[in-house]
Every structure is written in C-alpha cells, then in structure tokens.
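Below: the structure, in structure tokens.
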Amino acid sequence: FSGAGGAAAEADVMWCAVHVGDGNEPGAEALVTKLLSGSPETRVFHLTRSRRKKFGGQWQTVQEKLIPGYVFIETEQPEEVYRALKKSSGHRLLFGDDDYVTTLGEQEAEFMGSITDRAGGIGISKVSVAGKNEVRYLTGPLMRIGHLVKKVDLHRRIAEVEADFMGERQTLYLGIEIAE
C-alpha cells in the first residue's frame with residue numbers, strides 16, 4: 001500500500017482507496033468483495049452523496065459519486081486485504097502496480113467515517129439561514145464537520161468542505177437542504 005497508514009476511530013480499522021477508473025466501480029466492488037469473501041470484518045463500497053437538484057421547477061434528491069473512479073475498503077485485516085489484492089490480476093482492477101491502492105491516514109479515515117453511512121453514502125444536511133447568510137447545521141453530516149465548511153451555496157444547495165483526503169487537500173461538495 002502507499003500513503004500514510006493508520007487506524008480509524010476503532011482499533012485496527014483501516015480504510016484503503018483502490019483506483020479503478022471512472023465507471024468501473026460496481027465491477028471492482030464485486031471483484032474485491034469476492035476476493036475478500038472470507039473476511040466478514042471488511043466492507044467494500046464507493047462513496048456517493050445525496051444532493052438536491054431542481055428539475056422542471058421541482059427540487060428532487062439525486063445520488064452522485066463523490067469521488068469517481070475509486071472503491072474504498074474498510075477493514076480490520078489490512079494485511080489480508082493487501083495479500084488478496086496482490087493475488088488478483090492488477091489489470092482486473094485496471095492498474096497493474098501498487099500505486100492503485102492507497103491507505104488513508106487515521107484522520108482521513110475518521111473524517112470519512114464521520115460523514116458516511118455503512119454503504120458509503122453521504123446524506124443531505126438540513127440547514128437554516130438566519131440574518132445575513134448565517135448558516136446553522138441542523139441535521140446530517142455537516143453537524144459533525146461544520147468547521148470544515150468553506151462556503152455554502154444556497155442557490156445550488158451545496159456546501160464546499162475542505163479537508164485532507166487521500167494525501168492532499170480536497171474540496172468536497174456535499175448536499176444541503178434549507179429548512180422551512
């Protein structure tokens with residue numbers, strides 16, 4: 001694995017990111033799940049976010065990939081995962097060298113664990129607006145990471161969150177809904 005290894009909030013739990021290429025996430029998830037079938041402490045998923053979009057004048061909730069081209073593995077047995085991935089043909093996962101797998105650091109794993117559900121989904125945060133754009137987070141993942149929000153776009157219903165992720169500073173766009 002490459003990257004800064006570490007454990008997540010629970011002892012010896014590690015998150016790994018596998019670069020599989022955009023559009024290949026479902027097939028790669030199935031392959032990795034099959035390779036790790038004897039490991040009940042492991043889950044394989046790609047990150048999705050819920051957000052609100054306006055279609056025909058009506059707000060609807062849509063699901064979008066948060067980080068296209070990556071599948072994530074949360075495991076209590078990182079060495080077993082590494083051995084299983086090494087046994088598979090790298091070409092089946094798209095890339096043939098160790099660079100296609102990155103181990104997330106402890107803070108990165110804790111951050112992602114705090115905003116995702118078991119399936120890798122990131123829900124919509126309900127917000128209220130008081131005065132001149134004073135935004136309060138009422139429900140959802142932004143309640144836990146509101147200090148990382150750099151900008152809230154009420155018109156587009158997204159919050160720009162800046163965090164260290166996969167070894168670099170990233171801007172993630174998470175969905176919001178305005179409380180009535």
Does any part of the side chain of M143, heavy atoms only, come nearer than 4.5 Å to the side chain of L138, both counted from C-beta?
no
Any side-chain heavy-atom pair from V152 and I176 closer than 4.5 angstrom?
yes
Using the rule that two of Ile, Leu, Val, Met, Phe, Trp, Tyr join whenever any of their side-chain heavy atoms come within less than 4.5 Å, decide whether L66 and L104 are in one cluster.
yes
How long is the straight-line distance from CD of Q60 back to CZ of R52, given to the nearest 0.5 Å?
8.0 Å
For the CD atom on Q58, are there more than 12 heavy atoms of other groups (residues, nucleotides or ligands in this structure) within a distance under 6.0 Å?
no
Distance col, row F165:CZ vs T102:OG1, nearest 0.5 angstrom, shows 9.5 Å
Does any non-hydrogen side-chain atom of Q170 lie less than 4.5 Å from one of I67?
no
What I'd like to find out is whether the side chain of L174 reaches to under 4.5 Å of the side chain of V149, using heavy atoms alone.
no
Geometric class of the F72/F45 ring pair [parallel <30°, tilted 30-60°, perpendicular >60°]:
parallel
Determine the sole option in V20, N24, V44, V18 for which the side-chain contact (heavy atoms from CB on, under 4.5 Å) test with E29 is passed.
V44
Is there a chain of hydrophobic side chains (I, L, V, M, F, W, Y, each step under 4.5 Å between heavy atoms) that links V127 to L148?
yes
Could you tell me whether the side chain of F111 reaches within less than 4.5 Å of the side chain of V161, counting heavy atoms only?
yes
Quick one: does I73's side chain get under 4.5 Å of L36's, heavy atoms only?
yes
Taking atom CZ of R144 as the centre, report whether more than 12 heavy atoms of other residues, nucleotides or ligands fall under 6.0 Å from it.
yes
side-chain contact (heavy atoms from CB on, under 4.5 Å) evaluation trace for L172 with R49:
CA-CA 10 Å; L172 306 174; R49 67 172 169 216; over 6 Å; no
Any pair with a residue in residues 155-167 that passes salt bridge (charged side-chain N to carboxylate O under 4.0 Å, His left out), sequence neighbours left out, goes on the list, sorted by first then second residue, please.
D153-R156, E162-R169, D164-R169
Looking at T75, T33, L35, V32, which one forms a side-chain contact (heavy atoms from CB on, under 4.5 Å) with T42?
T75
Is there a donor-acceptor contact under 3.5 Å from the side chain of R43 to the main chain of R118?
yes
For atom NZ of K126, is the number of surrounding heavy atoms from other residues, nucleotides or ligands below 6.0 Å larger than 12?
no
Is there side-chain contact between V62 and F55, with heavy atoms separated by less than 4.5 Å?
yes
For residues W15 and E108, determine if any side-chain heavy atom of one lies less than 4.5 Å from a side-chain heavy atom of the other.
no
